[in-house]
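Shown next, in structure tokens, is the structure this report addresses.
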Amino acid sequence: KETLRSTNLVKTYGPVSALAEVSLTVEPGESLAIMGPSGSGKSTLLHVLSGILRPDSGTVWLGDTDVTGLRDHERSRLRRERFGFVFQDGQLVDELSAAENVAFPLLLAGWKRSKALREASRWLERLGLSGMESRKPGEMSGGQAQRVAIARSLVHRPAVVFADEPTGALDQATGHEVMQILTTVCQMSGATLIVVTHDMEVAKWCNRLVEIRDAVVHDDRKLGVGR
Ligand code: ADP
Ligand code: ADP
């Protein structure tokens with residue numbers, strides 16, 4: 001269980017300031033929603049926190065590891081091993097079954113195929129997808145596919161799961177179901193959850209809300225978890 005902490009993150013694109021001295025500490029097990037108007041810096045913050053993008057200055061710490069100071073291949077490895085990702089459209093591999101998609105992070109970590117597939121099946125079960133192991137993403141509903149993506153983001157027991165508009169491609173009822181299960185399984189497995197969304201209906205499933213405006217943290221408050 002590791003704290004994710006950023007200090008004084010700065011990122012500019014030419015004349016545009018995308019992050020201006022953003023400091024943020026996210027405790028293990030917290031679920032944090034990041035909201036803000038379009039262009040305020042949410043994606044940039046998510047990408048810097050998750051090690052996809054290097055800031056101009058400032059530091060991201062995972063526990064006592066300086067993520068920003070790592071060399072590229074070490075940073076990729078930390079992302080693969082310690083972080084999980086859920087995107088708007090799932091980004092599942094169409095040619096692979098649900099179980100194979102979920103097993104993918106374990107195969108990358110060197111697990112044997114049979115063991116990885118067994119573990120993947122257990123996660124599919126937890127996500128309410130028993131019996132769907134051999135379905136391809138194209139043979140599932142949007143909500144089911146997103147639950148497969150959630151299983152894949154957690155199967156290797158990451159410290160932090162980053163979700164970028166995870167319900168953006170779903171209708172509202174399905175989006176609620178997906179947020180409920182995402183927050184529940186992250187909490188069960190002790191993973192910190194960071195969700196970028198423009199939708200308060202999505203954010204309210206989290207226990208903390210950070211609002212970004214004009215590249216700075218405009219507001220940071222606890223939420224009574226809203227079911
Ligand atoms: P949000 O996710 O809140 O919409 P972004 O982090 O995508 O905000 O963008 C913050 C600001 O940085 C915006 O003004 C955006 O146009 C700019 N920006 C983001 N990425 C790039 C890039 N690769 N090149 C140039 N400008 C960028
Ligand atoms: P999201 O849908 O996650 O908010 P965006 O639409 O903000 O993502 O950005 C998608 C990609 O385009 C990102 O990699 C971002 O860095 C880049 N980008 C955003 N704004 C600009 C811009 N003004 N110029 C160039 N690239 C940009």
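Both ligands and their constituent atoms are indexed starting at 1 by order of listing. Start at 1 with the first residue, then count along the sequence.
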Item to check | Sequence-distant partners of Asp214, salt bridge (Lys or Arg N to Asp or Glu O under 4.0 Å), two or more places apart | outcome: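 Testing Asp214 for salt bridge (Lys or Arg N to Asp or Glu O under 4.0 Å), a comparison that skips the adjacent residues, returns none.
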
Give the atom numbers and elements of ligand 1 that come within less than 4.0 Å of a heavy atom of [X].
X	result
Ser43	1 (P), 2 (O), 6 (O), 7 (O)
Ser40	1 (P), 3 (O), 8 (O)
Pro37	3 (O)
Lys42	1 (P), 2 (O), 3 (O), 4 (O), 6 (O), 8 (O)

Checklist entry - Does Gly14 have a non-hydrogen atom less than 4.0 Å from ligand 1? => result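 Outside the 4.0 Å threshold, so no.
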
Checklist entry - Is the shortest distance from a heavy atom of Gly36 to ligand 1 less than 4.0 Å? => result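 It does not, in that no heavy atom of Gly36 comes within the 4.0 Å cut-off of ligand 1.
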
Checklist outcome for this item: Note: heavy atom closest to atom 14 (O) of ligand 1, options Val16, Thr12, Val196, Thr44, belongs to Val16

Item to check | Minimum non-hydrogen distance to atom 8 (O) of ligand 1, winning option of Ala18, Gly41, Ser38 | outcome: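 Comparing heavy atoms across Ala18, Gly41, Ser38, the nearest one to atom 8 (O) of ligand 1 lies in Gly41.
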
Checklist entry - Checking Arg5 side chain against Thr25 main chain: does a donor-acceptor pair fall under 3.5 Å? => result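 No; judged by distance alone, with no hydrogens or angles, the pair does not exist.
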
Checklist entry - Looking at ligand 1, does any of its N/O atoms fall within less than 3.5 Å of an N/O of Ser17? => result no

Item to check | Under 4.5 Å side-chain linkage, directly or through intermediates, the cluster mates of Val93 | outcome: Leu96, Phe104, Leu108

Checklist entry - Would you call the rings of Phe85 and Phe87 parallel, tilted or perpendicular if under 30° counts as parallel and over 60° as perpendicular? => result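 If you compare the ring of Phe85 with that of Phe87, the planes turn out parallel.
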
Checklist entry - Which bit of Ala215 is near ligand 1, meaning a heavy atom under 4.0 Å away: side chain, backbone, both or neither? => result neither

Checklist entry - So, Ser97 and Glu100: side-chain donor and acceptor under 3.5 Å apart, yes or no? => result yes

Checklist entry - Judged by modelled atom types alone, do Asp56 and Thr12 share a side-chain donor-acceptor pair under 3.5 Å? => result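 Per modelled atom types, Asp56 and Thr12 side chains form a pair under 3.5 Å.
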
Checklist entry - Quick check: are there more than 12 heavy atoms from other residues, nucleotides or ligands sitting under 6.0 Å from CG of Asp66? => result yes

